[in-house]
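Heads up, the thing below is written out as structure tokens.
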Amino acid sequence: MSLVYHQELLEYEEYYLVNSDSLVLICTFLRLCIVALQCSKVGPQASINKRSFMKNLVIVESPAKAKTIESYLGKDFIVKSSYGHVRDLVSGNKAIDVDNAFQPTYEVTEDKKKVVAELKKLAKNAEMVWLATDEDREGEAISWHLMEALKLTDDKIKRIVFSEITKPAILKAIENPRKVDYNLVNAQQARRVLDRLVGFELSPVLWKKVKPSLSAGRVQSVTVRILVEREREILGFTSTSSYRVVAEFTTDGKKFKAQLGKRFDSQKEAEVFLKKCQTANFSIDKLEKKPAKKSPAAPFTTSTLQQEAGRKLGYPVGVTMSIAQKLYESGKITYMRTDSVNLSDTALEAAEREIRSSYGDKFSKRKSYSTKSKGAQEAHEAIRPTDMSLHSVKGDSSQTKLYDLIWKRTLASQMSDAEFERTNVGISLDNTDERFTAKGEIITFEGFLKVYLEGTDEDGEVEDELTKDSLPALTKGQILDYAEINATERFTQHPARYTEASLVKKLEELGIGRPSTYAPTISTIQKRGYAHKDERDGTKREYGKLTLVKDHLETEKLSEITGREKGKLQPTDIGMVVNDFLVEHFENVLDFGFTASVEKEFDDIANGLKEWNKMINEFYSPFHKDVEDTLENSERASGERILGNHPENGKVILVRIGRYGPMAQIGDAEDEEKKFASLLKDQSIGTITIEQALDLFKLPRQLGQFEDKVVTAAIGRFGPYIRHDGKFVSIKEVDGDDPFTITLERGVELVKEKREADAKKMIKTFAEDENVSVQEGRWGPYIKFGKQNVKIPKDIEARDLTWDEVKALTEEAAKNPTKKRGKKK
DNA sequence: CAGTGAGCGAGCTTCCGCTTGACTT
């Protein structure tokens, strides 16, 4: 933390040196102190309590921000953090009084009680409380909730805002205080109330009509819909193939490639064309050179940082955010949850200085970017290094890499365009109208490409396989000889499944969700079982290739692996069934434009054009009617699909969603002897075959006896396993085992391996009770007391624990149960 | 939470956005 402080000071000093306005600044600062003094004199208690005289409490949302700002403001100000929202709607179903103008009931959230108590104490002793929460809807509401929770009156507070954490910005903010904007607060209340109503009325419908514990909401349900619709596109996609012709020409001993404008639907047609090539004369009939430019990408927002870190470093969005959080906390970068592409003046100056000194004046070009995304509220700066002269951070390699990305992106955004010379070459044949084209590209000025180029998402087939390097010297009218001409069969590709990052991009385009929720939303839909990361090996596919070399035509059949995929988001059966149900009954809320349209109304509320509870009422009345109507009239949604009849007894075989997820069933609902089996993780209701479904009923399999006890193989909640004498051993597919074919010998081998591994973990056992032991776990040694696991304090040596100590620790742990997420049965 | 899947009825689940640590077997 001392590092941060130091760095901020440096920045500050630098600012003094280069900025001619520094005198003005100092004056401003002095004037401020006087203002603060005068302010405090007005307060009724000012003269009574000398100790609290002059004291100003500033409250911001983030503690790291508080530290920085405190260093700007001097000793008359103390700056504290609220750690985000301090109050929220009470939990449960009674937070909103729908019969009384949607009156909300709030409470200080459990984890904020300490924070609120401390702020309350400080506020009491302060002359003035400066509410410096973010300059957006949520920030305004946080200020209001702080007033309520700390019992602050209007004359005791000043509301200040700034969208960058730089000294001039903070001082300017202090000079321009205002009151809390209740219209904006009401817009936030409307947002909050709407989300609670939607979530807490839709979810119970799903519990009744689909499966318990499911959830629905304005953001998550549309997110799942995006995935489901893409999956349907993929399922409905049929791939077609065509032959693409590429010729390699030589001139002056140099080679270059050109592609035919036309593709052929069959091998036959391709062959006919290549035969024409054998006798054709090739000549250049078009030669065009054009200058071209490429501009750098805007500085990072949360969304673009997540995308680039995904593309270039392979990080899931949650990982990116936690690395960024660490960089932010150590003062290396600005705030990482932002939708703004704006850079502060001090940052622009620093970037320019850095570019001029490292690359030269002609690489510098100041640019300001404006946001393209819909719901942007721009309460912060773009994500950038706090110190542009720091080219790299030491230590943790993931932090080094992410910082590197941020540094380069920021710098590049203020650099000149890259310049190219593009060449387009047309090549004609004298015995057909078909033509080849070649493209060349030479960089004439590197510009921003010197440091950074934004990545791209591979989306479908790469259309243009030609290298865009330089072409050899060519002239119009020149006659060419080919070295080789290929016609290769290429297949059209289904649209790509979403990655975490490309999904975030889509959400941002639709204005759904906020920088602080992109990563949590993606983890929510996976936790709820609506989507998962896929892993498909791909399948072998044959393709044809024709090669013409020196008048000799050859035909080959080659093979390639297609459809290999890892880590893409794919909707599950439950995700699809829930989505179809919601889309059918709640089209309005599931509409991709729903958020955008309510945002418009929130804006009206913020501008004082509409009352918030009126707006909510207009939404809620018809919505609630739909909910009741659906509860009463809709069928249960199970996604049932009938696969056919049993080959031996003729009973119906179907797949559907059951209480515990996707399952197969033999026999209909009336059948007294119907049987059930869960689908495997990689199977789905939509694609499973009758043979695969029948296989499921072969488990559990009895393999035989070992030590007079039965050994069985089956598949459970955590995957395939061997069971023996009440103990379970996982069967790992990577070892080439599976429960359908595994033998008794191999099963016994796994049981023995497991015993050995368990013995290794055992540190100590006790004669008093054989169910109690001290074992080595993932996070170090722990006590296993029956089914209870107990942590061992760091200062105690696990090996030396006595029976009495173990009992004492266990009893203490039982007294203070840690809040567990899991519920008891 | 590693054998479930009917139906009953208890009591429970659930939203989005703003922030960090505490905690995990």
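Side chains included, hydrogens not; waters and symmetry mates left out as well; all remaining heavy atoms used. Note that the structure is predicted; figures quoted are calculated from it, not measured. Naming: A, B, ... by sequence-line order, numbering from 1 per chain.
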Mind checking if [X] touches a base, just sugar-phosphate, or nothing, with heavy atoms under 4.0 Å?
{"X": "A/R514", "result": "sugar-phosphate"}
{"X": "A/A669", "result": "nothing"}
{"X": "A/G217", "result": "sugar-phosphate"}
{"X": "A/R528", "result": "sugar-phosphate"}
{"X": "A/R218", "result": "sugar-phosphate"}
{"X": "A/V219", "result": "sugar-phosphate"}
{"X": "A/Q220", "result": "sugar-phosphate"}
{"X": "A/S203", "result": "base"}
{"X": "A/G667", "result": "nothing"}
{"X": "A/Y335", "result": "sugar-phosphate"}
{"X": "A/D111", "result": "nothing"}

Honestly, is [X] close enough over [Y], meaning NZ or CZ under 6.0 Å from the six-membered ring centre and within 45° of the axis?
{"X": "A/R225", "Y": "A/F592", "answer": "yes"}
{"X": "A/R87", "Y": "A/W144", "answer": "yes"}
{"X": "A/R196", "Y": "A/F200", "answer": "yes"}

May A/F200 be described as stacking on the base of B/dT14, applying a 5.5 Å centroid limit and a 30° limit on plane angle?
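It does: the ring sits over the base of B/dT14.
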
Would you check if A/F728 stacks with the base of B/dA2, given a 5.5 Å centroid limit and a 30° plane limit, both strict?
yes

From the set [options], return the single nucleotide nearest to any side-chain atom of [X].
{"X": "A/E138", "options": "B/dT19, B/dC15, B/dG17", "answer": "B/dG17"}
{"X": "A/M663", "options": "B/dT20, B/dG5, B/dA2", "answer": "B/dG5"}
{"X": "A/H85", "options": "B/dT20, B/dG5, B/dG17", "answer": "B/dG17"}
{"X": "A/P63", "options": "B/dC18, B/dT20, B/dC16", "answer": "B/dT20"}
{"X": "A/S678", "options": "B/dG5, B/dG17, B/dT20", "answer": "B/dG5"}
{"X": "A/D195", "options": "B/dC16, B/dT20, B/dG17", "answer": "B/dC16"}
{"X": "A/Y721", "options": "B/dT13, B/dG3, B/dT14", "answer": "B/dG3"}
{"X": "A/K112", "options": "B/dT19, B/dG3, B/dT14", "answer": "B/dT19"}
{"X": "A/F676", "options": "B/dC16, B/dG5, B/dT19", "answer": "B/dG5"}
{"X": "A/M336", "options": "B/dG17, B/dT14, B/dT20", "answer": "B/dT20"}

With under 30° as parallel and over 60° as perpendicular, where do the rings of A/Y620 and A/F102 fit, or are they tilted in between?
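Plane angle over 60°, so perpendicular.
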
Provide the distance between the two [atom1] atoms, one in [N] and one in [M], to the nearest whole Å.
{"N": "B/dT13", "M": "B/dT24", "atom1": "C1'", "answer": "22 Å"}
{"N": "B/dC12", "M": "B/dC1", "atom1": "C1'", "answer": "15 Å"}
{"N": "B/dA2", "M": "B/dT25", "atom1": "P", "answer": "15 Å"}

Protein-nucleic acid N or O pairs under 3.5 Å, nucleotides 7-12 of chain B:
none

Dot-bracket line, read 5' to 3' along DNA chain B, where crossing pairs take [ ] and | marks a partner on another strand, Watson-Crick or G-U under 3.5 Å
.........................

Does A/E118 come within less than 4.0 Å of A/K80, counting only side-chain N to carboxylate O?
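Judged by the 4.0 Å cut-off on N to carboxylate O distance, A/E118 and A/K80 do form a salt bridge.
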
Any salt bridge linking A/K698 with A/D695? Criterion: basic side-chain nitrogen under 4.0 Å from a carboxylate oxygen.
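Judged by the 4.0 Å cut-off on N to carboxylate O distance, A/K698 and A/D695 do form a salt bridge.
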
Show every salt bridge (Lys or Arg N to Asp or Glu O under 4.0 Å) that has at least one partner inside residues 670-679 of chain A, sequence neighbours left out.
A/K651-A/D671

First encountered from the 5' end of DNA chain B, between A/N93 and A/S516
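Counting from the 5' end, the first nearest nucleotide belongs to A/N93.
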
Can you tell me how far CG of A/L654 sits from CE of A/M663, rounded to the nearest 0.5 angstrom?
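Output value for this atom pair is 7.5 Å.
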
